[in-house]
Amino acid sequence: MNEYELKVYDEIEDWKRKITRRSGMMNRVSKKAQEKINEFIPEKVHELMTESIKGMVKATLFGSQLTTNRKQAIGLSLEERDELVRKKISSFQKTAIIEGAGTGAGGILLGLADFPLLLTIKMKFLFESASIYGFDTKEYEERLFLLHVFQLAFSSDEIRRNTLVVIENWEERKKELVEMDWRKFQQEYRDYIDFVKMLQLVPGIGAFVGAYANNNLLKTLGETAMNAYRLRILQKAQ
């Protein structure tokens, strides 16, 4: 490893300690409340929501696949790729802030439109990140990895730790993974964002909450994607 790669290795280790740390009290209480609510939701509704989000994500994946420049980082060093991803994070945060403020200011109807719009922004960012780090999202396993990165960013403590293990051992684990667990995927994501997104529907504060929440969600996703892909690159270099 060169000097920069050693620095990245230390950053990844710090990041892994951070994301495996136990969540704060408010997050744990919120998760428990969501689990109780989910118990009262009829199974048919869970199935409908799972299929809806599965379809939404797959449509977003297809669209992002078509619009991503796969040659944008050819010949760049890891340090240069990192810098380009940081610029992408900043750019996508600005887009998400505008989207969140706009839908938050629009009340309930526009607030409901926030979910698919924000999901599209997040997936597009992940495709850009994969491309910059040299991974070909034409390959099914790379799109599956991308979804695991998403799940790592937006899930509860236990699922996050389990997903990190999968990502750390991707070359071995990808052979076992045929399809995403869509039920778990949608439920973890909804539980993660539900509380703050409900506040976004409140008149008067919706625009501020939407902008603030979306900025933080993209920041979390950016940090997660950056370190997950850097981890794979360093593993390949060993």
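Keep in mind it's a predicted model, so treat the numbers as computed, not measured. Here, residue 1 is the first one in the sequence, and each next residue gets the next number.
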If you draw a 6.0 Å radius around CD in E158, do more than 12 non-hydrogen atoms from other residues or ligands fall strictly inside? no

Could you tell me if the side chain of N214 sits less than 4.5 Å from the side chain of I98, heavy atoms only? no

Minimum-distance pair of heavy atoms, taken over all atoms of L217 and K122: CD1-NZ, 3.9 Å

In terms of heavy-atom contacts, R160 and I19 come closest through NE-O, 2.6 Å

Can we say R232 and E142 salt-bridge, meaning some charged N sits less than 4.0 Å from an Asp/Glu carboxylate O? yes

Got a sec: does the NZ of K219 have more than 12 other heavy atoms crowding it under 6.0 Å? no

Would the number of heavy atoms belonging to other residues, nucleotides or ligands and lying under 6.0 Å from CD of E176 be above 12? yes

Using 0.5 Å steps for rounding, measure from the CG atom of N162 to the CD1 atom of I167. 11.5 Å

Gap separating the CD1 atom of I121 from the CD atom of E99, nearest 0.5 angstrom: 5.0 Å

Residues that F154 engages under ring pair (Phe, Tyr, Trp, His ring centres under 6.0 Å), provided they are two or more places apart: F150, Y189, Y192

Closest approach of T224 to A153 (non-hydrogen atoms, all atoms of both residues): OG1-CB, 3.6 Å

Among Q187, K184, Q186, which one satisfies side chain to side chain contact (heavy atoms under 4.5 Å, CB included) with T50? Q186

hydrophobic_cluster_shared for I97 and M123, side chain cutoff 4.5 Å: no

Would you check if there is a donor-acceptor pair between the side chains of K124 and T68 at a distance under 3.5 Å? yes

Please identify each residue that fulfils ring pair (Phe, Tyr, Trp, His ring centres under 6.0 Å) with F125, with sequence neighbours left out. F92

Counterpart residues, side-chain hydrogen bond (donor to acceptor under 3.5 Å, both in side chains), relative to T95 (two or more places apart): none

For a quick test of reading the model, state the closest non-hydrogen atom pair linking L76 to E80 and the distance between them. CA-OE1, 3.3 Å

Residues in salt bridge (Lys or Arg N to Asp or Glu O under 4.0 Å) with K174, at least two apart? E141, E171

At their closest point, which heavy atom of A130 faces which heavy atom of Y229, and how far apart are they? CB-OH, 3.3 Å

side-chain hydrogen bond (donor to acceptor under 3.5 Å, both in side chains) filter on D82, not counting sequence neighbours, yields Y4, Y133, R230

When rounded to the nearest 0.5 angstrom, what distance separates NZ in K18 from CG in N227? 9.0 Å

T120 versus T60, closest heavy-atom pair with distance: CA-CG2, 3.5 Å

Answer yes or no: does atom OH of Y140 have more than 12 heavy-atom neighbours from other residues, nucleotides or ligands under 6.0 Å? yes

Evaluate the criterion salt bridge (Lys or Arg N to Asp or Glu O under 4.0 Å) for residue pair E11 and K7; output intermediate values, then yes/no. CA-CA 6 Å; E11 289 175 359; K7 176 176 174 287; 2.8 Å; yes

Measuring only between side-chain heavy atoms, which start at C-beta, is D157 closer than 4.5 Å to R161? yes

Transitive ILVMFWY side-chain link L218 to V85, under 4.5 Å: yes

Note: E168-R173 ion pair, threshold 4.0 Å (strictly below): no

List in chain and number order the residues that pass ring pair (Phe, Tyr, Trp, His ring centres under 6.0 Å) with W170, two or more places apart in sequence or in another chain; answer none if no residue qualifies. F145, H148

